[in-house]
Amino acid sequence: MNTPIPERRIDELLARYAQSHRHPMNEIIHCICVPAIMFSLLGLCWTVSPAVALVVAAASLAYYLRLSPSFAVGMLAMAALMLVVLARLPAGAVLPVSAVVFVLAWIGQFVGHRIEGKKPSFFEDLRFLLVGPLFVLAFLYRRWHIVY
């Protein structure tokens, strides 16, 4: 007799997140805006102190590691790239760039959800603010045949 394999927590979270992200245009918008929001949040933290941005990134990575080591590696690469970009920006540019990107990306997100006809997932569960980047990364992983 075959025993069904229990669903992993990451699979459950991605499936729940996907319920309000099925429209192709909303998915495209999310693939652009979610990384932009991640970048802008790290940038806003960076303006307080680069150490704050590193702590936020590390805390997020600890959560991702619990969900999926493979996703944690991908998120580490994304966060590292974003932190390198922030480090190379002129100090006076980090705050205005981050603020503009943050506002524009959230406008994009809400436009996407207007197209979708469903409210953002994080309205029901704040964890989905951390699942959104994994949803985007899952697209890349599937395309590159990386198991998560």
Side-chain angles (χ1 to χ4, degrees), residues 3-86 89 94-148:
T3 305
I5 298 171
E7 186 172 39
R8 299 176 307 156
R9 185 73 182 138
I10 184 60
D11 296 324
E12 176 191 331
L13 289 168
L14 288 173
R16 284 183 48 211
Y17 190 87
Q19 290 173 357
S20 59
H21 302 87
R22 298 201 188 280
H23 192 284
M25 183 54 70
N26 190 26
E27 289 179 350
I28 291 168
I29 289 170
H30 274 62
C31 285
I32 295 166
C33 292
V34 167
I37 290 169
M38 184 178 160
F39 172 79
S40 67
L41 284 173
L42 286 173
L44 293 171
C45 291
W46 188 275
T47 63
V48 174
S49 166
V52 172
L54 289 171
V55 166
V56 167
S60 299
L61 290 169
Y63 176 70
Y64 294 139
L65 186 59
R66 285 183 42 224
L67 291 175
S68 163
S70 177
F71 270 150
V73 170
M75 292 306 295
L76 173 62
M78 283 179 49
L81 176 64
M82 291 175 184
L83 291 168
V84 166
V85 170
L86 289 168
L89 282 175
V94 174
L95 180 59
V97 166
S98 297
V100 168
V101 169
F102 184 84
V103 170
L104 292 176
W106 275 110
I107 289 170
Q109 291 283 84
F110 284 104
V111 167
H113 279 285
R114 176 80 175 170
I115 292 168
E116 182 82 40
K118 294 185 180 176
K119 63 184 176 179
S121 303
F122 71 86
F123 282 173
E124 292 183 21
D125 188 341
L126 287 176
R127 284 181 299 178
F128 287 114
L129 289 171
L130 289 169
V131 174
L134 299 180
F135 182 76
V136 172
L137 194 55
F139 277 111
L140 290 177
Y141 276 29
R142 285 191 297 273
R143 179 171 296 246
W144 295 337
H145 306 288
I146 299 172
V147 176
Y148 56 86

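- Taking 4.5 Å as the limit, every side-chain heavy atom of Ser121 sits out of range of all side-chain heavy atoms of Arg16.
- Smallest separation of non-hydrogen atoms from Cys45 and Val56: SG-CG2, 3.8 Å.
- A 4.5 Å side-chain heavy-atom check between Glu116 and His30 finds every atom pair outside the cut-off.
- Shown here is Arg9, whose CZ atom has more than 12 heavy atoms of other residues, nucleotides or ligands within 6.0 Å.
- Nearest heavy atom pair, residue Leu134 against residue Leu130, reads CG-O, 3.9 Å.
- The cationic group of Arg142 lies under 6.0 Å from the six-membered ring centre of Phe139 and within 45° of the ring axis, placing it in a cation-pi geometry.
- When side chains are defined from C-beta on, Val131 does not count as touching Phe122, because their heavy atoms never get closer than 4.5 Å.
- Of all heavy-atom pairs between Leu86 and Ser98, the closest is CD2-OG, 4.4 Å.
- Annotation: side chain to side chain donor-acceptor pair (under 3.5 Å) contacts of Ser40 (sequence neighbours excluded): none.
- Note that the CD1 atom of Ile37 and the CG atom of Leu44 stand 11.5 Å from one another [nearest 0.5 Å].
- His113 and Ser20 get closest at one heavy-atom pair: CE1-O, 3.4 Å.
- At least one side-chain heavy atom of Lys119 sits under 4.5 Å from a side-chain heavy atom of Glu124.
- Taking each heavy atom of Leu61 and Ala72 in turn, the nearest pair found is CD2-O, 3.7 Å.
- Interatomic distance, CE of Met38 versus CG of Leu129, reported as 13.0 Å (0.5 Å rounding).
- Side chains of Val55 and Val52 form no contact here, defined as non-hydrogen atoms less than 4.5 Å apart.
- Atom CE of residue Met25 and atom CZ of residue Arg114 lie 15.5 Å apart, to the nearest 0.5 angstrom.
- Note on ring orientation: taking the six-membered ring where Trp is involved, the planes of Tyr148 and Tyr141 are tilted (angle from 30° to 60°).
- In this structure, His21 and Phe135 have tilted ring planes: the angle between them lies in the 30° to 60° band.
- Atom OH of Tyr63 sits about 12.0 Å away from atom CZ of Phe71, to the nearest 0.5 Å.
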Going through the checks in order, is the side-chain contact (heavy atoms from CB on, under 4.5 Å) test met by Gln109 and Val34? CA-CA 8 Å; Gln109 291 283 84; Val34 167; 3.6 Å; yes

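- Put simply, the side chain of Ile146 reaches to within 4.5 Å of the side chain of Ser70, judged on heavy atoms.
- To the nearest 0.5 Å, atoms CH2 (Trp46) and CG (Leu83) are separated by 6.0 Å.
- Between Phe128 and Leu13, the closest heavy-atom pair is CE2-O, 3.4 Å.
- Side-chain contact check for Pro133 versus Tyr64: some heavy-atom pair is nearer than 4.5 Å.
- Distance check: Ile29 CD1 to Ile115 CD1 gives 4.0 Å after rounding to the nearest 0.5 Å.
- Within the 4.5 Å cutoff, no side-chain heavy atoms of Arg8 are placed close to those of Leu67.
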